[in-house]
*Asks:* 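Sharing a structure with you now.
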Amino acid sequence: MAFLELQNVSVSFSGFLAVDQVSLTVDKGETRVIIGPNGAGKTTIIDMITGKTAPTSGKVLLGGADISGRNPHEIAGKYKVGRKFQGPNLFDYLTVYENIEVALAGHSSILKTFLYRKNRAISDEIKTILDQINLYGKRDVVSTSLSHGERQWLEMGMVIAQKPQLITLDEPTAGMTADETYKTGEMIKTMMKDKTVIVVEHDIDFVEQIAETVSVLHQGKVLAEGSFAEVKRNPKVVQVYLKDDDEAVA
Amino acid sequence: MELLISQSINGLSVSAMLFITALGLVIIFGLMDVVNMAHGEFIMIGAYVTYFVTTVFHAPFVVSMLMAFLATALLGALIELTLIRRLYGKVAETLLATFALSIILQQLVRMAFGPEDKFVGMPLEGRFNVGGIVIPHYNLFLIFVAVAILAVTLALFYKTPYGMQLRAVTKNRSMAQCLGVNTARIDTLTFACGSGLAGLAGALIAPVKSVMPSMGSYYIVDGFLTVVLGGFASIAGTAASSVVISESVTVMAGYMSEITAKVLVFLVIIVLIRFKPEGLFTTEKR
Amino acid sequence: MLKEVKTVGWDKTIDILLLLFLVSFPLMTSLFRVEMMSKCIIYIVFALSLDILWGKAGLMNLGQAMFFGLGGYVLALSYATRDGVPAFMSGFGVTEVPWFMQILHNTPVAVLLGMLIPGLVAGLLGYFIFTSKVKGVFFNIITLSLASLIELFFTNQQKYTGGANGISGLPPLTIGEEPLSVLEHYYVMLAVGLLVYLFCRWLTNSRFGMILRSVRENESRLQFLGFNPAAFKLSIFVISGMIAGLAGMMYIPIGSFVSPTNIGVGFSTAVLVWLAVGGRGNLTGAMIGAFLVTWLESLLSEHFENVWLLILGAAMLAVVMFFPKGLVGTLLDWQYCRRVDRQLGDVSCDDGLGLMDGELATAKGKV
Amino acid sequence: MRNTKWFTGLLVLVMAVSLLAGCGKAEKAPDAASAPAAAEGIKIGVLYSTTGPFSISEKPMLNAAKLAIDEINAAGGVKGKKLIPVFEDYASDPAKATEKIKKLILQDKVVATVGTNSSASRLAVIPDVERNKSVLVYNTYYEGEKPSPNVIYTNSVPSQQSADFIPWIVKNLGKKVFFVGSDYVFGVTSVKKAKAMLEKAGGQIVGEEFVPLGHTEFSSLINKIKQAKPDVIFSAVAGDSVVPFYKQYQQYGLSAKDMPICSIATHEATVKGIGAAAAAGHYSSFSYFQVVDTPESKKFVAAYNSKFADNTTVTNLAEGAYHGVYLLAKALEKAEKYDGPTLISAFKGLEVDSPQGKIKVDPTNNHTWLQSRIGKIKPDGMFEIVYSSNALVKPEL
């Protein structure tokens, strides 16, 4: 059953059509990878799902509710959509521990921030997440002192702490070493096993590692959709990648 | 009716003066994100330069305009190189540093030249008399200079290589750097340019206003109001908002307290900003 | 609190030392200095009100004094109009105390309004600014302009405010009929100051405080975690305004005077300077800054005619240039770095780390 | 890392020193306070701003007070004791003035304070002067309202400035008068009193306008003046507004010949700023002008100019501070004890020969009987005295 549904959405920025009549359906529990050359509109689609950008036309439905054009905080809080940004987007001068603690679900209204008391359950939860992202040892370090890869993981941890029903990951492995990339793939597989996940990615090996279904975007339109193996064989996709973006395949 | 007409004509020269005093502030603030609390003191120094050039050395007023511009531009460059340079990107720190600077400059001038008013003569004496409405020549001169400054700065920013580099730096500093723009030099030039304009403003208001160490404080607030209405980095917006503010305040002041008029204008600005956050007259986005 | 969280930092030590110093201060000095110190405590409260706003939430209000002044004027008018129309009003043809001042004659109501009115102004201003897309520096400029306009407005509305002369000769606090002595005043101020301090500590240590810091660091990220940053900014703006209003009211019995200089740009900038000198983001810095600068100002102006202002300006410049995190902030950063260095050798902790004003060491010195 | 350590060391040092300085100063204080007040001299407070915008008027006043103190001490002091001035600068901030007056009274134990200039700072310090039963000698012309029993006012009140001025205007310049003033107590009260006098003198009020304090844009006001077509402008415009007012008055084509401004706040220093050309022909009324032709005045101006090379001008205000100190010295000479009430009563009826001539303190109301003069500004920027009362004018509140 379709959990997330994009119905003919378009986005234009002062005349430039970034996303053009895209329809996309993602089932509950599915891990969907969106690939495509630079400027294909991948990040814009994530922006729409998370409320950063409102679609110029078309609808975004989540679990049957129309969320197009709603505020980011509403989508994140009420509709439980988590987002990991392209390039780590953290609270810089907060510690690793605090970054996770801020993200914890269910304590986000002003009143609740006053009533919030840290109990054993909460601290266990944070410890579990920190263990999963291999940062428990550095829990009291400012996020700026982490390495790039660690920062990416920390943000994944924050997304998990949010307890979302839909997770969007925008190039989670950007700038990582091959080893780190692999670890990240395993993290996604274990931590987000039962969640609906949308991943935007360039790294083909990584895509192969995690993908169940792949959508290929090109110039704001869906070019192809299917399993990784199917997409890889699709001649249109191969052509686009050869023509437009050498580095992406590498 | 006659009052209304002559108030609106007065409003034009007041607008010109506001534009001239605010422009340097807008340039430094809008392009470099530096809230220059010492802007008023640059105006003051420009006025003092004018005093020395015209009253002490009896040189023509036009010379003093040039000298005021150059002297404050030089001072501005010096300050940029020694202080502001180290503080880019830190709004609070630049604000406090320039505030400290304003204290120091004001007190230095006070100690060097005394606390009392200095005299700067009126360079243009005559006035037109049209049906009972008097328009001093100097007011027309002010309006003319304001328009000229507007034209020159627009040309400087949009038609010269410097302007192009400057806009590149404001849009994307690191990219501009990569493309070989000497951003440090652009910063210095821009700060000097903004300071120089403040000095020029000082020269232009000296004949009709007080010339004394604390005079600068009267101009900075109206300057910021203009920025709020006109929007960041928008030179044309500054011109437009100077006219709107001065005209509405001057015309309303014919009928109520000028301060009440100012407060009303400001409240309207705040409400408008709710709906047009980039300022009223900005068309292009930074 | 959980075991792993060890809150140790010199800031707490400094706070306690400061408190001990303030408690014992009257024992070692003259009544005049005690009175000066009462004023200093009020300034400390005022500095705290800005620190929870600027230091914690990153909202640099350039017009904080407007809240201080509003609180001050409310209480001042409450006292001044109690025995009929005061001279500054009758001089302008006012024959009857207007209804909105008669309400103030009930002291608890006045005190309440002295906090509610600044809070309301903050709320309205905040609503217009925070729910629009106005960003960063614009907030500063708007608050600066507003403070200067309010100063002009209060100077202009002399019928009701006493104009440039302000309202002077306001009475000290009383118990029954007896006015409090200088010493009693001092300890009352100290007690109120301590309460405000404890409130601010509680506020900033709460989850609310943590979210404020997140607003400061990365407002847009916070939205995607389900928080509405505008609501948080609005609440802290109102809270900060109310505390500043409280400080303004505390000032009335000590200063026995309120004038437009208490409400305008000059005083607003003064409090920014205190925070910059002491270091913002940890309450200790604000308090030390307010304390140091006001004392330095008084002592310098007593000893150096004319040039004292130059010395003060140069000192401010030096702090901004060389200790951008303020004195306490630099100290706490250093302490934090040393600890991290010792415990996790692989974490580089040099100047490039760029901690926010010792924030970390303050909030959680738990390495 | 090394850098940080260095900084921190320095920082700790700075903090420790400042704290110690604060405490040290504080601890020293009781000794100074408990020392017998002025064993070898008499301490008086001198409270003027040398920093901030008020210094424009207060620096000359400070100079004049210094001059008077030095002269008195050179002549042997008071009862053989020297006057020891304690100078304090309140940085043009009335709130700071309240702190400084407390310091002077409580810490330095001065017997009296000479100082403050604007009404705002005077009114700010009065409660503390009264509460501590001290004495303030206030040397500026002011609105004459809410006088304090602990203050001696040595300069004029509106009745003194306008009592002779208004009838003279009606007689010599014209009946139709337009009133302008700065919108604060001094301006408003002065205009109110002058208007009453005008009606008594048979003149006609054709308009009345107030401009905010510190206002510098006068085009609107000048428009309104023109529409009212008066013979004379009576101006209580004060402070930073004076210079722009005259400059723009001329700029908009109004001349002293057709419509002179008669001011009670425009003195020699502001004339310098206006420029003689724009100022010439307008009138001011004061008890003292620099050109007053008495031996005391000549000596005072010469001594002032030789002693202070700081670009300041002798005005009515400076003379007020000068004779204020002389009055204080005389009162100290006369009083047996230096507590507030005794000292205040010692002032009553005192007479001194001041630069403006003989003046005396009223025995009942703490104000001073002064000369009344009207000066016309000459093309060289100095005043020409066109009227002199030749008798002391009573201070009426």
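Here is how names work: the chains are called A, B, and so on, in the same order as the sequence lines, proteins then strands, and each is numbered from 1.
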*Asks:* Using heavy-atom distances under 4.5 Å, tell me whether L203(C) contacts chain A through its side chain, its backbone, both, or neither.
*Replies:* side chain
*Asks:* Can you tell me how far apart CG (N99(A)) and CE (M210(C)) are? Round to the nearest 0.5 Å.
*Replies:*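 If I round to the nearest 0.5 Å, the distance is 9.0 Å.
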*Asks:* Could you check whether any side-chain N or O of R207(C) sits under 3.5 Å from a backbone N or O of V102(A), counting only pairs where one atom can act as donor and the other as acceptor?
*Replies:* yes
*Asks:* Under a 4.5 Å cutoff for heavy-atom pairs, which residue among A231(C), S220(C), S214(C) has the most contacts with chain A?
*Replies:*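 Of A231(C), S220(C), S214(C), S214(C) has the most heavy-atom pairs under 4.5 Å with chain A.
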*Asks:* Quick check for you: to the nearest 0.5 Å, what is the distance between F208(C) atom CZ and L111(A) atom CG?
*Replies:* 11.0 Å
*Asks:* Looking at OH of Y116(A) and OG of S206(C), how far apart are the two atoms once the value is rounded to the nearest 0.5 Å?
*Replies:*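 Between atom OH of Y116(A) and atom OG of S206(C) there are 10.5 Å.
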*Asks:* Quick one: pull up CZ in R221(C) and CG in D92(A) and give me the separation to the nearest 0.5 Å.
*Replies:*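 With rounding to 0.5 Å, CZ (R221(C)) is 12.0 Å from CG (D92(A)).
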*Asks:* Using heavy-atom distances under 4.5 Å, tell me whether V159(A) contacts chain C through its side chain, its backbone, both, or neither.
*Replies:*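 For V159(A), side-chain heavy atoms alone lie under 4.5 Å from chain C.
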*Asks:* Could you go step by step and tell me if N71(A) and Q223(C) meet the side-chain contact (heavy atoms from CB on, under 4.5 Å) rule?
*Replies:* CA-CA 8 Å; N71(A) 286 326; Q223(C) 296 181 59; 5.9 Å; no
*Asks:* Evaluate the ring planes of F224(C) and F85(A), with Trp represented by its six-membered ring, and classify them as parallel (under 30°), tilted (30 to 60°) or perpendicular (over 60°).
*Replies:*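 Aromatic pair F224(C)/F85(A) classed perpendicular.
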*Asks:* For the CZ atom of R216(C) and the OH atom of Y93(A), what is their distance to the nearest 0.5 Å?
*Replies:*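 Rounded to the nearest 0.5 Å, the CZ-OH separation comes to 9.5 Å.
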*Asks:* Could you check whether any side-chain N or O of N218(C) sits under 3.5 Å from a backbone N or O of F91(A), counting only pairs where one atom can act as donor and the other as acceptor?
*Replies:* no
*Asks:* What part of L90(A) gets closer than 4.5 Å to chain C, counting heavy atoms only: side chain, backbone, both or neither?
*Replies:*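 Contact with chain C is through the backbone of L90(A) alone.
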*Asks:* Do you know the tightest heavy-atom contact between G226(C) and A76(A)?
*Replies:* N-CB, 3.3 Å
*Asks:* In terms of heavy-atom proximity below 4.5 Å to chain A, should S235(C) be classed as side chain, backbone, both, or neither?
*Replies:*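 Contact with chain A: side chain only.
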